[in-house]
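First the structure, in the form of structure tokens, and then the observations on it.
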Amino acid sequence: MNNHHQTKAFKRYTVTSALPYANGPIHIGHLAGVYVPSDIYVRYLRMKKEDVVFICGSDEHGVPITIKARQENITPQQVVDKYHQINGDAFNKLGISFDIYHRTTAPLHHETASQIFKTIYDKGIFEENDSEQYFDEKENQFLADRYITGTCPHCSYEKAYGDQCENCGTSLNPQDLIEPKSVLSGNKPVLKKTKHWYLPLNKYEDVLSKWILDGHKSDWKTNVYGQCKSWLDHGLQPRAVTRDLEWGVKVPVEDSEGKVLYVWFDAPIGYISATREWAKENGKDWEPYWKSDDTKLVHFIGKDNIVFHCIIFPVILMAEGSYILPENVPANEFLNLEGDKISTSRNWAVWLHEYLEEFPGKQDVLRYALCATAPETKDNDFTWKDFQSRNNSELLAIFGNFVNRTLVLTHKYYEGKVPSLGEITEQDKAVIEQIKAFPGIIANSLDKYRFREAVGEMMNLARLGNKYLTDEEPWKVIKTNPERVKTVLNISLQICANLSLVCAPFIPFTAEKMSKMLNIKELLWDDAGRLDLLKENDLINQPELLFEKIEDETIQKQIDKLQNTKQQNIINAKADPLKPEISFDDFQKMDIRTAIVLKAEKVAKTKKLLKLEVDTGVDIRTVVSGIAEYFNPEDVIGKKVLILANLQPRLIKDIESHGMILMAERRDGSLYFVSAGDDVEKGCKIS
RNA sequence: GGCAGGGUAGCUCAGUGGUAGAGCACACGCUUCAUAAGCGUGCCGCCGUGGGUUCAAUCCCCACCCCUGCUACCA
């Protein structure tokens with residue numbers, strides 16, 4: 001209904017896939033959410049002869065990469081080189097058909113990001129804040145706003161953050177805080193002069209509201225629209241676009257030593273620099289793809305990225321002034337794996353580069369399985385059993401088998417030559433009508449970014465073929481009415497040919513095999529639905545099987561592998577590096593003793609906090625502890641615990657906490673009590 | 001805790017103000033051209049819970065519960 005093809009004609013498409021962060025490999029969650037859908041969309045557009053550029057690349061800046069480099073004792077550049085290579089290669093092998101897979105460490109990207117920053121800077125749009133900023137001398141680094149806490153100057157709330165006071169809602173600057181404290185070291189940070197630039201998102205609230213809330217109410221996905229509405233209703237804050245860091249795009253103005261663009265600012269610009277690089281390599285002009293009103297810009301992303309692509313990046317583009325805004329941002333939800341959240345750190349994932357090695361030649365199986373189970377409207381679960389079923393029951397039994405039986409019959413009866421289309425029966429007519437209708441049905445789903453639906457309809461065309469064959473029984477009719485069989489097989493072959501067309505966006509490797517078998521040359525979407533894709537006497541090659549059965553053992557091996565990595569994780573759990581050495585005196589300063597929990601209740605309006613009353617032997621005191629996610633209040637009453645008793649009292653959510661309960665953290669983040677045993681008495685000192 | 005999205009058959013998902021649908025799985029039947037594949041039929045559901053609006057609610061309103069994301073919170 002809200003089909004933009006009807007209301008607005010686009011001359012070209014710029015399609016982007018979220019830039020994967022170059023500190024790890026690609027897994028099935030990334031694929032199902034972003035790369036498979038976007039590739040399907042782009043392949044479909046290309047088949048319609050649309051002018052389209054498909055953009056992706058590695059996002060290579062930001063603090064996490066510097067941390068990873070430090071951990072592995074290599075340079076940040078070495079980190080990103082490694083994953084840029086692995087991921088680019090893996091995408092390519094899966095048939096994700098980016099026109100370019102670029103990277104944000106490329107000089108052209110630095111140039112582009114600088115230019116855009118400079119343009120906005122020259123227009124005086126940034127709010128410049130060159131006052132002093134807090135610096136943690138112990139950690140030797142500037143502190144991000146939310147790594148500083150202190151007392152709110154408006155409401156005297158003692159636990160206000162550097163950017164905002166939770167209590168009264170006022171937005172703050174870190175230096176407004178009374179008695180600031182570094183969250184990193186706990187020390188008092190010192191003020192050090194530094195300059196930063198802010199993008200005044202707040203000044204764009206009206207334009208954004210008009211654009212999104214009024215303009216895209218009906219064509220954006222509900223999750224995307226809802227999230228944007230939430231942000232806009234809350235009101236936007238100016239956001240710093242620079243940071244005191246070495247790794248990144250240098251801030252291109254004077255007096256900005258040691259500063260780079262904040263990674264969220266430079267990353268989406270990576271789409272633009274990638275387009276420029278592609279244009280350069282292919283002798284094209286990049287600008288129409290980003291600056292012309294008749295270009296349709298579409299961002300494929302995961303749901304965690306909505307605010308950057310719907311609010312922040314559009315503001316950057318508007319501020320720059322010469323760019324178009326995205327027409328749609330089809331964000332997907334998340335994919336789980338065998339019931340658990342995919343986790344890179346816990347190694348709970350199916351990695352693309354590993355899949356490609358372990359399932360050679362089965363790219364389409366993964367593409368199909370992930371598309372069919374893509375988390376379009378809500379989180380979804382990938383299981384190996386489902387993967388097996390998608391292959392065996394659908395790709396093989398329905399799709400592959402139909403093609404095979406048709407081609408086998410053609411060879412058996414006609415030596416591989418396409419038989420003539422004779423008289424058409426009523427049943428034929430009905431089938432023909434459906435063949436004609438399918439491309440439109442599939443296209444309609446694709447236009448609305450409903451890829452699951454689209455791939456289902458593709459499979460329905462194969463179902464139609466199977467039903468047609470079963471109904472017409474050519475293997476029987478051949479004995480009584482051979483003339484009729486020619487028509488039946490002609491139509492069946494046309495279905496095969498049509499399948500090879502409409503399946504191409506989803507399972508391109510299979511489409512390729514089919515067009516070779518059928519000797520079909522040019523594949524265009526507009527040809528789909530035709531009944532003369534194969535002409536009488538055209539020669540069909542010997543059929544080869546399109547899919548092979550995936551056995552239980554193969555699946556079990558994968559499930560075992562997951563279980564093993566889970567076990568491995570526990571065994572190999574890398575201990576955190578030792579903290580710097582301390583003196584015996586330092587240790588002696590700590591008063592750790594046993595205590596008993598007397599009362600426990602959840603702190604209102606928090607997820608993690610329990611307010612505990614504990615008996616330390618010397619007193620009964622209140623301690624606030626962040627354990628509510630793993631323990632119910634009633635379960636901790638009576639617990640014998642260890643407490644750090646002489647810790648400076650601290651106000652947490654308006655409750656003064658006296659001391660800290662000692663907990664041990666498992667690798668998955670869950671907690672358990674550190675205890676001296678159940679027979680311990682309260683008030684014993686630990687030394 | 002705030003905000004957003006979701007909670008529909010064993011599994012993955014559609015859907016509508018008028019006593020619920022598809023695919024897979026399962027059962028039975030038909031078929032044998034085909035990779036033990038195909039086709040047909042059937043089974044399975046207090047449409048998260050409790051209220052309300054309505055002649056009528058799974059779909060509208062309110063409250064609550066659960067899952068996910070963003071955000072706050074872990075001395």
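First the proteins, then the strands, lettered A, B, ... as listed; each starts at 1.
With sequence neighbours excluded, the residues forming a ring-ring contact (aromatic ring centres under 6.0 Å, His included) with A/His27 are A/His30, A/Trp351, listed by chain and number. The ring-ring contact (aromatic ring centres under 6.0 Å, His included) search around A/Trp384 returns A/Phe359, A/Phe382, A/Phe387, not counting sequence neighbours. Residues passing the salt bridge (Lys or Arg N to Asp or Glu O under 4.0 Å) test with A/Arg450, sequence neighbours excluded: A/Glu453. A/Glu548 meets the salt bridge (Lys or Arg N to Asp or Glu O under 4.0 Å) test with A/Lys362; sequence neighbours excluded. For A/Asp304, there are no salt bridge (Lys or Arg N to Asp or Glu O under 4.0 Å) partners at least two apart in sequence or on another chain. Considering only residues two or more places apart in sequence or on other chains, A/Glu205 meets the salt bridge (Lys or Arg N to Asp or Glu O under 4.0 Å) condition with none of them.
Proximity of residues 491-498 of chain A to RNA chain B (heavy atom under 4.0 angstrom from any strand atom) is not detected for any residue.
Where A/Ala374 and A/Gln648 meet RNA chain B, the nucleotide closest to each residue was compared, and A/Ala374 sits on the side nearer the 5' end.
Open room surrounds CD on A/Gln648; 12 or fewer heavy atoms of other groups in view lie less than 6.0 Å from it. Within 6.0 Å of NZ on A/Lys385 lie no more than 12 heavy atoms contributed by other residues, nucleotides or ligands.
At the heavy-atom level, A/Thr383 lies nowhere under 4.0 Å from the strands shown. Residue-level contact check: A/Asp379 touches the backbone only, with heavy atoms under 4.0 Å from sugar-phosphate atoms and none from bases. Nucleic acid contact class of A/Glu394 (heavy atoms, under 4.0 Å, all strands): sugar-phosphate only. Contacts of A/Val624 with the nucleic acid, taken as non-hydrogen atoms under 4.0 Å apart, involve only primed sugar atoms and P, OP1 or OP2.
For the OP1/OP2 pair of B/A14 and a distance below 4.0 Å, the side-chain nitrogens and oxygens of A/Arg452 include at least one atom meeting the criterion.
Between A/Leu31 and A/Leu366 the shortest side-chain heavy-atom distance falls below 4.5 Å.
For residues 454-469 of chain A, the side chain to side chain donor-acceptor pair (under 3.5 Å) pairs, not counting sequence neighbours, are A/Arg405-A/Asn466, A/Asp428-A/Tyr468, A/Glu457-A/Asn460, A/Asn460-A/Arg463, A/Lys467-A/Asp471.
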All N/O contacts under 3.5 Å from nucleotides 3-8 of chain B to the protein, with atom names and distances to one decimal?
| from | atom 1 | to | atom 2 | distance (Å) |
| --- | --- | --- | --- | --- |
| B/C3 | O2' | A/Ser230 | OG | 2.3 |
| B/A4 | O2' | A/Gln227 | N | 3.3 |

Taking only nitrogen or oxygen atoms into account, show me every contact under 3.5 Å that the protein makes with nucleotides 57-61 of chain B, one pair per line with its distance.
none

Please list, for nucleotides 32-40 of chain B, all pairs of protein and nucleotide N/O atoms separated by less than 3.5 Å.
| from | atom 1 | to | atom 2 | distance (Å) |
| --- | --- | --- | --- | --- |
| B/C33 | O3' | A/Lys412 | NZ | 3.2 |
| B/C33 | O2 | A/Arg405 | NE | 3.1 |
| B/C33 | N3 | A/Arg405 | NE | 3.2 |
| B/C33 | N3 | A/Arg405 | NH2 | 2.4 |
| B/C33 | N4 | A/Arg405 | NH2 | 2.9 |
| B/A34 | O3' | A/Asn404 | OD1 | 3.0 |
| B/A34 | O2' | A/Asn401 | OD1 | 2.7 |
| B/A34 | O2' | A/Asn404 | OD1 | 3.0 |
| B/A34 | N3 | A/Asn401 | ND2 | 3.2 |
| B/A34 | N3 | A/Arg405 | NE | 3.2 |
| B/U35 | N3 | A/Phe547 | O | 2.6 |
| B/U35 | O4 | A/Leu546 | N | 3.2 |
| B/U35 | O4 | A/Phe547 | N | 3.1 |
| B/U35 | O4 | A/Phe547 | O | 3.1 |
| B/A37 | O3' | A/Ala397 | O | 3.4 |
| B/A37 | O2' | A/Ala397 | O | 2.9 |
| B/A37 | O2' | A/Asn401 | OD1 | 3.4 |
| B/A37 | O2' | A/Asn401 | ND2 | 2.3 |
| B/G38 | O2' | A/Arg405 | NH1 | 3.1 |
| B/G38 | O2' | A/Thr470 | OG1 | 2.9 |
| B/C39 | O4' | A/Thr470 | OG1 | 3.4 |

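Every stem involving RNA chain B, taken as at least 3 paired positions in a row under the Watson-Crick or G-U wobble test at 3.5 Å, is listed here: B:1-7 with B:65-71, B:10-13 with B:21-24, B:26-30 with B:38-42, B:48-52 with B:60-64.
Comment: A/Lys303 engages A/Glu333 in a salt bridge, judged by a side-chain N to carboxylate O separation of less than 4.0 angstrom.
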